[in-house]
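The block underneath contains the structure these notes are about, expressed in structure tokens.
This chain uses plain numbering: 1 for the first residue, then up along the sequence.
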Amino acid sequence: MCSGALAAAEKTIVDCPISAHSLDELVNLIDEGKINSKQGKEVFAEMFATGQTAGAIVKEKGLEQVSDTGAIEALCDQAIAASAKAVAEYKAGKAQAINSIKGQVMKLSQGKANPQLVGEILARKLAE
């Protein structure tokens, strides 16, 4: 990410506007599941352009992922109820059908639900 951004801006590593500490903060936000990798790229681009910290950008843009199991379970229940065809296909052995339901959960959460957690919860609920 960094080398590509530097090359595009025709800068060297010495000119990088992102400190090692700020980059570490971004990596930690991704590792802790507070933002996903797609959001991480968006935050990185904003950090590079503005010099703001990752935490400030995540807060300002409301990007923090929802990892509250109860909230995600409720969204999964809604998506399952609205996706009878995909549920039937999944239960009939078409494993990829879960992606349609997962997409509905992500849409309901406005992209903020932790995708890994969504997948785990859906798999558990659909196995019941």
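Side-chain contact between Q78 and Q104: absent, with no pair of heavy atoms (C-beta onward) separated by less than 4.5 Å. Between V105 and I80 the shortest side-chain heavy-atom distance does not fall below 4.5 Å.
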Item to complete: Any chance you could lay out the salt bridge (Lys or Arg N to Asp or Glu O under 4.0 Å) test for K125 and E120, step after step, and finish with the verdict?
Response: CA-CA 9 Å; K125 285 186 169 287; E120 292 169 7; over 6 Å; no

Practice prompt. Quick one: do I35 and L26 satisfy side-chain contact (heavy atoms from CB on, under 4.5 Å)? Show the steps, please.
Written response: CA-CA 9 Å; I35 60 173; L26 175 60; 3.8 Å; yes

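With Q39 contributing its side chain and N36 its backbone, the two residues share a donor-acceptor pair below 3.5 Å. Between the side chain of D24 and the main chain of A20, no donor-acceptor pair closer than 3.5 Å is present. Side-chain N or O atoms of S109 include one that pairs as donor or acceptor with a backbone N or O of M106 at under 3.5 Å. The main-chain N or O of I18 is never found under 3.5 Å from a side-chain atom of S22 such that the two would form a donor-acceptor pair. The backbone N or O of A56 lies less than 3.5 Å from a partner atom in the side chain of T53, making a donor-acceptor pair. In this structure, Q65 contributes its side chain and G33 its backbone to a donor-acceptor pair below 3.5 Å.
Under the side chain to side chain contact (heavy atoms under 4.5 Å, CB included) rule, I121 has a single partner from Q116, E73, K102, which is E73.
Taking each heavy atom of S83 and A79 in turn, the nearest pair found is OG-O, 2.7 Å. Here the shortest heavy-atom pairing between A54 and L29 reads CB-CD1, 3.7 Å. Nearest approach of V66 to A71, heavy atoms of both residues: CG1-CB, 4.2 Å. Here the closest heavy-atom approach between residue N114 and residue I72 is recorded as N-CD1, 4.1 Å. In this structure, A97 and Y90 approach most closely via the heavy-atom pair CB-N, 3.7 Å. Taking all atoms of both residues into account, the shortest heavy-atom contact from G40 to I30 is CA-CD1, 3.9 Å.
A salt bridge is absent between E25 and K34: the closest approach of a Lys/Arg side-chain nitrogen to an acidic carboxylate oxygen does not fall below 4.0 angstrom.
Heavy-atom neighbours of E32 CD from other residues, nucleotides or ligands within 6.0 Å: above the threshold of 12.
With values rounded to the nearest 0.5 angstrom, I101 atom CD1 is found 12.0 Å from K85 atom NZ.
With no hydrogens or angles considered, a side-chain donor-acceptor pair links Q52 and E60 at under 3.5 Å.
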